[in-house]
Each structure stands twice: as C-alpha cells, then as structure tokens.
Amino acid sequence: MSLLFLAVGCGDDTTSDADEATGETEDMFEAGTYTGVGEGYNGDIEVEVEVDSESIQSIEVLEHNETEGLTDDVFDNIPDEVVNDQTIDVDTVSGATSSSEGLIAAITEALEEAGGDIDRLRNGRAEQETATEDVEYETDVVVVGAGGAGLASAVSAYENGAEVMVLEKMPQVGGNTLISGSAYNAVDPERQEQQGIEDSVDKHFEQTYEGGDEEGDPELVRELVENAYPTLQWLEELGMEFEDEVFTVLGGLWPRAHKPVEPLGTGYINTYMNYIEGTNDEVQVLVNTEVKEMIMDGDKVVGVEAEGENGKVTVKAESVVLASGGFGADVDMRNEYNTEWPDLSDIPTTNHTGATGEGIEMVKDVGANLIGMDDIQLLPMGDPETGSLSGNIEQGVENRIFVNKEGNRFVDEGARRDVMTNALFEQPDSFMWIIVDETSYPTGDTVNNFNESIDDLVEAGRAYKADTLEGLAEKIDVDPDNFVQAVEEFNEGVEEGEDELGRTLFDQKLDSPPYYAGGRVPTVHHTMGGVEINVDAQVINEEGEVIKGLYAAGEVTGGIHGSNRLGGNALADVNTFGRIAGESAAKQK
C-alpha cells in the first residue's frame, strides 16, 4: 500500500523572528528522504518523508496492516495535516487512536533522522475558531448509526421507496460490524449439503433459544432464524460474496457460519456503501454527527436533533431507525448493569470506541422499554495487549485446542462462549494458548479471519511456531509433558468422537507440523440487552405498546439472544433486523 501527500504552501512557517530580522533562514532539516516506523494497532506502520532544508515536502505511507475502512481517515488526513501545517501536533482520529499514534510516531522517527527539532515540530497550530452553522433537513427515514444495522436499514428503506438520511457520530462508517470476525449464521441447504452437514431452521432456533437459557423472545428468535438465509441471499444480490464452505465459529455450536470473501466486516460495509453511492443522494450519510435527542410530536417520533462538526443538525422525518449499537466500550455503563461477571473495569473490549450506549439512554427519555441489560457477553479470545479479536489464530472450532499456562486443557473448546470464558477466568492469570497445526495454516502466507498471515503474526511475536510439540512447549513456557498429553487426549477424541471434557466438535488431529500457539485473554464482546422491539422492529414502550415512528435494529436492541449469544448470530441479527427495520420504517408500519 502506497499513499503520497505533497506539501502545500509551507515556506514561511519555519522561520524564526531572529531569522526574519537578519534575512537569514535557519536550516530546519538536512534535505533528503527518510523512513520511519511506528507501531499501529495491527503491527508496524512504515512511512517515507521527504524534506528540504526548510520544510516537510511530502509523506508517503509505504506499508501498514491497519483495518481498511476504520482507519481510512488516519491515512487520508494526518499526513496532509502534518505537511500543510508543518507540525506533528495533529489530532488523532476518533475510533482509530492506536493507528493514528502509530502513524505520527513513524513520521516523527523519519523527521528525527532528518535532523528535525522535534520539540519545535510539536508546537501545535494556533487555535482557530470553527464557524457555527445550524442546518435542518427533511426526509422520509432518518437512521441513527452507520454500522451494519444502520446501513442495512438505510438500503432496505430506500428499496421500499423512502428517501433516507444516516447520521453517524464517528468520523467513519462501519461500527462494530467493520471490525468483527464477520461470521454469519444461516441454515444454507446448498452449501451445507455439499459438506455433508445436516441442519435445519428448527435446530438453529433450538440452539439459539436454549443457548441463551430460554431468556430470548421466542418470536424474535424465530424471526431471526427464518430470515437469516433470505437476508444472506439479499446481501449476495447486492454484490456481497461469501466463501463456498461454511464452518463452526467460536461458540456457534454448529457448522452454519458463512465467511465473507473480504476480510473482517469490510464486505458488509462496502456492499452497503457501494449501493448507497448509486442512489443519487437519495440516501445520504453524515459522519461526525452525534444524535442527542428524539423530536416528538405528541406520542410520535418525528425526527432527531444532533450535533455536527459546525453546529446543530435537525432532521425531520416520518420514521426514525435507532441503530446506534451497544455499550461494550463504556466501562461505567457495563458496570452499572453487570450482575453476572466479576468487575469489568479492567477487562478490555473487542468493540470500537463508539460503542458507548448513548442511543439506549436517549430512547429511555421517550419511554422505550429496556430488556436484558445485564446480559453482557465476554469472549475468551481477546488479544492480551488490546483485547481486540485481531491476532486470533483459530480458523474454526474443530481443529484447535486451548491450554493454560501449565500446558493443560481446561474446557470443551466447542462450548458456549460464557462457559469457555468462565473457565478461562479460573486459569492462572486468566490466560490461555490456542494451539493449531498445519491443517489451519498450510502455508506461511495463509491468513486468519482478520487478514493477518501466520508468518507476520510469528514475526511480530503475536504467535509462536515450532516443528515439534516439545519445541512449541518450550517457546510458550508450558510444561512439555502436560502439553503433549493434552494434544494426545484431543487426538484420541478425534478418533472416538468425544473426549473427557465432553467435546464433540472434531475434524482433524493435531499431528501435522509445524505447530502454532497464540495467547488469548477474556474480553468484553457483545451487550445482548437493549431496547425492546417486536418482529417488525418497532420499539416497545414500558406499557408494552408500540412507540409510533420509532424502530430499532442491531446491538442497540435486546430480547433476541437471551443470556448468551451464539457465535455467528450477531451478523445475522444485524443484517436481518436491519433489513426489517428499514422496510417497516419506509412503510410506516
């Protein structure tokens, strides 16, 4: 990846008062081209910076592994700001702080090599007042949030005859969908039969309902499982591509997860945005626009008030779809509602930084009923440093095991997510290793579900590789006897179809070197509670009645997953109920 940014009007900014008095210019740099490296969220960011004696002339981003879509503004804006304003004191991009800081660090290193005075370069620009201009729009449907559910709602509403505006508080679209593991559960006879997999909508219903301890609304669960596949077909009609084979995702309980061709959740977001770009502005998306309250006309919601970059944004509409996401990134809010887990203050999260629950709090003011707010899902799959899902070396449930720091297995690795996470909390330092072999990574450039190659993960020290089990045990500092025995017991389970931990999901033995290990810790992943809705995605108030004009979809809603969400059901939920909400809002059901 190579991005180039050129200097614009930057000569006089680097001269001092003394220079101006004498007519001489102090050299700021040793003219030339220099490289620098900084640590981003997913690895190193490398840049090339060209300077003359007085100024920064250009910045070229040579290489990075940051998430496409989520970090576009980082690489589009920061180099421009550095070059135009001749300072490294630039703002980070909200929601992509680590990527921003890594890029700034890389630029700083290059400028140090060029002999630049870094303290001087850190002197920021003078504060400039931003003009304030309030604006007002009228449309048919306004959608709050531009993640997967919001964009699905927008496209669906447009398909059903509505003009649409989408308001997103973050600088970019995508939400949690963009950085998700992307697995989508649906009963798919064509794909599953080719793999010899027996499945049914009733089985999907049973596993979803019972997997949430029968706390979900059966009508909503039925709506989800019956419409997941038609919605997947809708996505394919819109241009999205899925792999031919389904798999079992962590905590999914059955092989019905579909993997998009594009990495992470970029396929969903790109599909929707490509469609929206072809609507001749009949669907508009405003970012950096945070909705603050609903506009009411009697007992009907008729629009929203928001804060934009330059002032207040008012949108009057016939219908409002709330798709603002959950609250997994808000420590205070999850601690307020948490009743099932230990204190969550120091537990990291897989969520993007905007998942802070304001939408849930906002609709309480118009009487919306909240349901299942204490149902918070943790995964045993967080990156030990960041809590993110990136760096996870598993490719599917069947061909990997977990071992603790002593080299012992400790849980059925095909169990529910809450079962596995509770078991991990009981292990030393709440830490485990995922173990896979060549079956998962036949070549070094084979990528995981986050588009990271195993060779790159090993080189970065995020995974370990060895040609023998004993050698891998040494590298990850676990007891080799325990470790070898753990693998042998798993391999016996492959032969027998069940092992002593009760595991029944198997495919291949772990007996094909090289072997790999990657560390994982508990992380907050999903908040199952939220706004109560019915099967038409209409929001329900505390008296059990529909709030006119208000619809909701995605993680902002509650009542679907119960106490535990099956892996792979979130993307099915987001897209299915997003589609339903858009249609309902357009038709004003």
Side-chain angles (χ1 to χ4, degrees), residues 144-145 147-150 175-177 180 208-221 223-224 251 321-345 347 349-352 354-379 416-418 421-422 522-535 537-544 547 550-567 569-574 576-578 580-581:
V144 181
N176 274 343
T177 295
S180 69
T208 299
Y209 185 55
E210 293 182 357
D213 296 317
E214 301 184 358
E215 292 183 13
D217 181 334
E219 291 187 358
L220 294 178
V221 176
E223 192 76 11
L224 170 65
V321 176
L322 182 68
S324 53
F327 56 93
D330 189 290
V331 174
D332 291 338
M333 194 168 176
R334 67 197 197 196
N335 276 339
E336 175 186 352
Y337 289 107
N338 172 41
T339 60
E340 302 298 323
W341 299 100
D343 181 73
L344 298 177
S345 300
I347 303 296
T349 182
T350 63
N351 288 198
H352 80 114
T356 47
E358 294 94 341
I360 295 172
E361 295 297 322
M362 178 170 55
V363 293
K364 285 167 60 177
D365 295 338
V366 298
N369 191 47
L370 304 185
I371 185 171
M373 291 296 290
D374 58 340
D375 294 324
I376 300 171
Q377 182 169 81
L378 273 64
L379 286 183
R416 289 170 29 158
R417 290 177 165 183
D418 54 350
T421 305
N422 271 314
T523 183
V524 174
H525 184 56
H526 193 99
T527 50
M528 281 83 71
V531 180
E532 184 178 3
I533 59 171
N534 62 20
V535 294
Q538 296 169 302
V539 174
I540 306 301
N541 67 18
E542 293 175 342
E543 286 73 43
I547 298 177
L550 184 59
Y551 307 82
E555 198 171 345
V556 75
T557 66
I560 298 173
H561 305 288
S563 61
N564 171 71
R565 178 178 63 77
L566 262 61
N569 271 4
L571 271 300
D573 170 14
V574 160
T576 296
F577 278 97
I580 291 169

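The structure presented is a predicted model; accordingly, all values stated were derived computationally and were not measured. The figures that follow rest on heavy atoms only: side chains count, while hydrogens, waters and symmetry mates do not.
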| Test side-chain hydrogen bond (donor to acceptor under 3.5 Å, both in side chains) applied to Ser345 - qualifying residues, sequence neighbours left out | Asn335, Asp343

| query | Between Arg565, Met528, His561, which is the residue that forms a side chain to side chain contact (heavy atoms under 4.5 Å, CB included) with Asp573? | reply | His561

| Taking only residues two or more places apart in sequence, or in another chain, which ones meet His525 in a ring pair (Phe, Tyr, Trp, His ring centres under 6.0 Å)? | none

| Excluding sequence neighbours, so at least two apart, what forms ring pair (Phe, Tyr, Trp, His ring centres under 6.0 Å) with Phe577? | none

| request: Locate the shortest heavy-atom distance separating Ala581 from Ala552; write the atom from each residue and the value. | output: CB-O, 4.2 Å

| said: Is it the case that the side chain of Asp365 and the backbone of Gly367 share a donor-acceptor pair, with hydrogens and angles ignored and the cut-off at 3.5 Å? | reply: no

| Residues in side-chain hydrogen bond (donor to acceptor under 3.5 Å, both in side chains) with Ser563, at least two apart? | Asp213

| Asp418: salt bridge (charged side-chain N to carboxylate O under 4.0 Å, His left out) partners, not counting sequence neighbours | Arg416

| Nearest-0.5 Å distance, CD1 of residue Ile580 to CD of residue Glu223 | 4.5 Å

| task | Decide yes or no for Leu344 and Leu378: does some side-chain heavy atom of the first lie under 4.5 Å from some side-chain heavy atom of the second? | result | yes

| field | 4.5 Å side-chain heavy-atom contact, Val574 and Glu555 | value | no

| With Glu358, which residues qualify under salt bridge (charged side-chain N to carboxylate O under 4.0 Å, His left out), at least two apart? | Lys169

| query | Nearest heavy-atom pair of Asn351 and Ala355: which atoms, and what distance? | reply | OD1-CB, 3.6 Å

| So how far is it from Thr523 OG1 to Gln377 CD, rounded to the nearest 0.5 Å? | 11.0 Å

| Which is it for Val535 and Leu220 under the side chain to side chain contact (heavy atoms under 4.5 Å, CB included) test, yes or no, and what are the steps along the way? | CA-CA 6 Å; Val535 294; Leu220 294 178; 4.2 Å; yes

| request: Kindly write out the residues that satisfy side-chain contact (heavy atoms from CB on, under 4.5 Å) with Ala368, not counting sequence neighbours, or none if the list is empty. | output: Val363, Val531, Val539, Ile547

| field | Rounded distance [0.5 Å steps], CD1 in Ile376 versus CG in Asn338 | value | 5.0 Å

| request: Tell me, please, which residues at least two apart from Asn422 pass side-chain hydrogen bond (donor to acceptor under 3.5 Å, both in side chains). | output: none

| Between atom OG1 of Thr421 and atom CH2 of Trp341, what is the distance when rounded to the nearest 0.5 Å? | 5.0 Å

| query | If you round to the nearest 0.5 Å, how far is CG of Leu379 from OG1 of Thr350? | reply | 6.0 Å

| Val556 versus Ile360: any side-chain heavy-atom pair under 4.5 Å? | yes

| request: Starting at CG of Leu224, measure out to CG of Asp217 and round the result to the nearest 0.5 Å. | output: 11.5 Å

| Looking at residues at least two apart in the chain, or sitting in another chain, which of them share a salt bridge (charged side-chain N to carboxylate O under 4.0 Å, His left out) with Glu361? | Lys364

Could you list the donor-acceptor pairs under 3.5 angstrom formed between side-chain atoms of residues 321-330 and any protein atom two or more places apart in sequence or on another chain?
residue, atom, partner, partner atom, Å
Asp330, OD1, Asp332, N, 3.3
Asp330, OD1, Met333, N, 2.7

| task | Could I get the full list of salt bridge (charged side-chain N to carboxylate O under 4.0 Å, His left out) partners for Arg417, not counting sequence neighbours? | result | none

| message | Applying side-chain hydrogen bond (donor to acceptor under 3.5 Å, both in side chains), can you list everything that pairs with Asn534, at least two apart in sequence or on another chain? | response | Gln538

| message | Treating Thr349 as the side-chain partner and Val524 as the backbone partner, does any N or O pair qualify as donor plus acceptor under 3.5 Å? | response | yes

